[in-house]
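Numbered from 1 within each chain, the chains take letters A, B, ... in sequence-line order.
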Protein chains: 2
Amino acid sequence: MNEKEARLEQNSEGAGYLPGLAMDFVIFGFDQYQLKILLLEYRNTSLFALPGGFVKENENMNDAARRVLSERTGLSDIYLDQFYTFGDLARYDQAPLRTIMQAKGMNPTDDHWLLRRFVSVGYYALIDFIKATPTPDPLSDTCVWYTLENLPELMLDHKTIVEKALETLRADLDRKLGGIDSWAAPLLAKAFTMGELQKLYETILGQKLRRSSFQRKMLSLAILERLEKQYSGGAHKAPYLYQFIMEK
Amino acid sequence: MNEKEARLEQNSEGAGYLPGLAMDFVIFGFDQYQLKILLLEYRNTSLFALPGGFVKENENMNDAARRVLSERTGLSDIYLDQFYTFGDLARYDQAPLRTIMQAKGMNPTDDHWLLRRFVSVGYYALIDFIKATPTPDPLSDTCVWYTLENLPELMLDHKTIVEKALETLRADLDRKLGGIDSWAAPLLAKAFTMGELQKLYETILGQKLRRSSFQRKMLSLAILERLEKQYSGGAHKAPYLYQFIMEK
DNA sequence: CTATATTGTCTCATTATGGAACAATAATAA
DNA sequence: TTATTATTGTTCCATAATGAGACAATATAG
């Protein structure tokens with residue numbers, strides 16, 4: 001048991017945190033135009049879970065989300081969205097977490113704060129795979145990317161949380177593309193080609209899109225500024241570069 | 001102080017409820033095709049608030065929402081949707097609630113459970129104005145309908161909650177119209193005319209819609225079954241009646 | 001029987017979308 | 001240098017969706 005874990009066990013009342021309130025994160029990353037999510041694994045238990053965290057007593061909940069996300073990925077200034085709050089009694093199952101704690105040599109009592117009932121606020125994030133440094137939390141052994149098609153079985157209701165996150169993300173793509181809070185801007189270079197943006201869309205939606213329709217739609221949104229062609233990466237006509245128009 | 005209030009003060013630990021977790025409700029009602037929402041008023045304080053409630057320790061959160069909604073309106077089997085969870089520190093302001101409790105002759109200590117920080121899950125509901133019997137909670141004096149245009153100043157962040165609810169409702173109208181969980185079905189007679197459905201839409205959206213386009217769109221959704229004409233309510237051609245197709 | 005209000009449908013112009021074609025062109029191969 | 005190739009920006013046209021209005025049908029009021 002390392003120092004962090006020791007602190008976690010000592011703090012058997014969860015002092016400093018809002019009781020009964022957790023956050024779970026569906027962190028989407030892009031690797032060579034594959035969509036992956038970040039999962040925690042607990043060795044010797046074959047249990048997998050979404051990264052999660054708690055809200056401090058003197059902290060805005062949305063700020064807490066940014067803090068935890070930064071702790072898990074090393075990233076700040078990324079796209080983060082709250083999508084649903086999960087409060088079923090069926091979430092309240094001591095067994096898996098007890099298994100995890102025991103595998104770490106801990107021996108929590110029944111009323112240890114981590115074993116109580118939690119309501120969990122779901123957030124999803126979109127991050128640049130390259131820039132992230134996945135970091136496990138004190139209870140986990142590893143923090144690894146999994147493609148959506150190859151997810152292992154997840155603890156509790158975490159599969160449901162992933163599905164709801166993906167559904168919300170896909171439904172909100174167009175509406176949250178532009179502006180200061182664009183989900184796409186952090187995933188692209190300052191200047192990017194239409195093809196690169198289209199591949200991002202295709203990765204998230206899991207389907208091919210028509211090139212001419214996509215170009216027409218993006219340009220009609222009036223959120224892109226066309227720059228000079230500068231690309232020199234392939235045996236073909238140079239594409240224009242674009243950047244998002246950031247209104248002042 | 002009545003019996004309920006006494007019980008509320010005695011229970012200064014909030015025993016039986018999940019600590020720190022509240023729910024706030026934006027209850028939309030239709031009165032002669034006007035959109036109203038239900039507000040609580042605290043006499044001698046000029047404070048107005050959304051109806052709210054708490055989750056019991058052995059209760060699903062969404063079930064708790066139905067229970068509280070039933071307590072406030074006497075209605076069950078209505079459309080209810082969770083739309084956002086509010087967790088800013090700025091919500092944590094003892095002043096208004098203390099004012100209310102003192103106006104009721106209570107004298108809560110600083111650590112009374114009602115005066116602690118709460119994270120609140122927002123739900124909105126659509127109900128039939130005629131069928132509801134608005135009922136104030138133990139702390140409130142009245143529970144009254146207000147039109148959206150004439151809302152009084154609201155406590156804490158409740159104005160923000162109303163705005164977010166309305167935004168979500170309007171965005172989801174089409175998507176959640178049909179099926180077993182239709183928002184519109186509880187607001188209409190079993191059989192209704194296209195004009196009645198259109199007026200519902202117009203009331204919620206706050207704008208007129210084109211008659212022919214609306215009819216075309218509704219019929220194309222393939223969620224309506226046309227019945228025989230039976231209407232006999234005006235000096236004009238009898239409209240068809242429709243009902244929602246409920247797939248088994 | 002006539003007037004009136006509202007309905008169901010139709011028409012037509014406008015706009016959006018799907019799907020393909022085509023010339024332009026930057027790197028690569030010959 | 002020239003031909004080849006992949007990809008791009010644009011155009012085109014058929015089809016579909018939408019806005020705005022016209023018109024006949026008709027149940028009640030007068």
Side-chain angles (χ1 to χ4, degrees), chain A residues 30 32-33 170-175 177-178 184 188-245, chain B residues 30 32-33 170-175 177-178 184 188-245:
Chain A
F30 292 87
Q32 303 294 100
Y33 298 107
R170 286 176 172 170
D172 286 352
L173 275 194
D174 288 350
R175 207 160 49 77
L177 175 61
L188 296 163
K190 267 194 293 290
F192 50 89
T193 69
M194 193 61 78
E196 288 165 347
L197 181 58
Q198 182 175 342
K199 275 183 189 152
L200 259 189
Y201 260 81
E202 291 175 341
T203 305
I204 296 174
L205 295 177
Q207 60 179 12
K208 290 280 171 196
L209 300 175
R210 262 153 294 278
R211 197 168 55 90
S212 60
S213 302
F214 185 80
Q215 170 126 343
R216 193 160 42 189
K217 183 163 133 187
M218 287 302 125
L219 294 181
S220 76
L221 294 177
I223 57 172
L224 293 179
E225 180 180 6
R226 177 178 281 185
L227 310 174
E228 288 307 302
K229 302 186 185 188
Q230 288 172 0
Y231 189 75
S232 64
H236 52 73
K237 182 175 178 178
Y240 286 107
L241 293 175
Y242 295 87
Q243 62 186 22
F244 287 106
I245 299 170
Chain B
F30 292 88
Q32 304 292 103
Y33 297 106
R170 285 176 174 168
D172 286 353
L173 275 194
D174 287 350
R175 207 159 50 78
L177 175 62
L188 296 163
K190 265 194 293 290
F192 51 88
T193 69
M194 192 61 77
E196 287 165 348
L197 181 58
Q198 182 174 342
K199 276 184 187 152
L200 258 189
Y201 260 81
E202 291 175 342
T203 306
I204 295 174
L205 295 177
Q207 61 179 12
K208 289 281 171 196
L209 299 175
R210 262 152 295 277
R211 196 169 55 91
S212 60
S213 302
F214 185 81
Q215 170 126 342
R216 192 161 43 189
K217 183 163 134 188
M218 287 303 124
L219 294 183
S220 76
L221 294 177
I223 58 173
L224 293 179
E225 179 181 5
R226 177 178 281 184
L227 310 175
E228 288 307 301
K229 302 185 183 188
Q230 289 172 359
Y231 190 74
S232 64
H236 51 74
K237 182 175 176 177
Y240 287 107
L241 292 176
Y242 295 88
Q243 62 186 25
F244 288 105
I245 299 170

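Of the candidates Leu197(A), Thr193(A), Leu219(A), Leu219(A) is the only one forming a side chain to side chain contact (heavy atoms under 4.5 Å, CB included) with Tyr242(A).
Rounded to whole Å, atom P of dG9(D) lies 12 Å from atom CG of Leu224(A). If you take CE of Met218(B) and C1' of dT9(C), they are 18 Å apart, rounded to a whole angstrom. At whole-Å resolution of the value, OH in Tyr240(A) and C1' in dT8(D) are 10 Å apart. The separation between His236(A) atom NE2 and dT8(D) atom P is 6 Å, rounded to whole Å. Taking atom CD on Gln198(A) and atom P on dG18(C), their separation rounds to 12 Å, with Å as the unit. Phe214(A) has its CZ atom 17 Å from the C1' atom of dT10(D), to the nearest Å.
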All N/O donor-acceptor pairs, side-chain side in residues 208-216 of chain B, below 3.5 Å, sequence neighbours left out:
none

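Put simply, the side chain of Phe30(B) does not reach to within 4.5 Å of the side chain of Leu188(B), judged on heavy atoms. Contact check for Phe244(A) versus Leu224(A): side-chain heavy atoms found under the 4.5 Å cut-off.
Contact detail for Tyr33(B) and Leu200(B): the closest heavy-atom pair is CE2-N, 4.0 Å. The shortest non-hydrogen separation linking Leu177(B) to Ala184(B) is CD1-CB, 3.6 Å. Across every non-hydrogen atom of Leu227(B) and Ala191(B), the tightest pair is CD1-CB, 3.8 Å.
With sequence neighbours left out, the side-chain hydrogen bond (donor to acceptor under 3.5 Å, both in side chains) criterion links Lys217(B) to Asp174(B). Residues forming a side-chain hydrogen bond (donor to acceptor under 3.5 Å, both in side chains) with Arg170(A) (at least two apart in sequence, or on another chain): none.
Stem analysis of DNA chain C (Watson-Crick or G-U pairs, both distances under 3.5 Å, runs of at least three) returns C:1-30 with D:1-30.
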### Task
Would you give a per-nucleotide map of nucleotides 14-24 of chain D, 5' to 3', where B means the base has a protein non-hydrogen atom under 4.0 Å away, S means only the sugar-phosphate does, and - means neither?
----BBBBB--
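Other residues, nucleotides and ligands contribute over 12 non-hydrogen atoms within 6.0 Å of the CD atom of Gln207(A).
Taking CD from Gln243(A) and NZ from Lys190(A), the interatomic distance works out to 9.0 Å, rounded to the nearest 0.5 Å.
Looking at residues 201-208 of chain B, you'll see that no heavy atom sits under 4.0 Å from any atom of DNA chain C.
Contact annotation: Gln215(B) does not reach the phosphate of dT7(C) (side-chain N/O to OP1 or OP2, under 4.0 Å).
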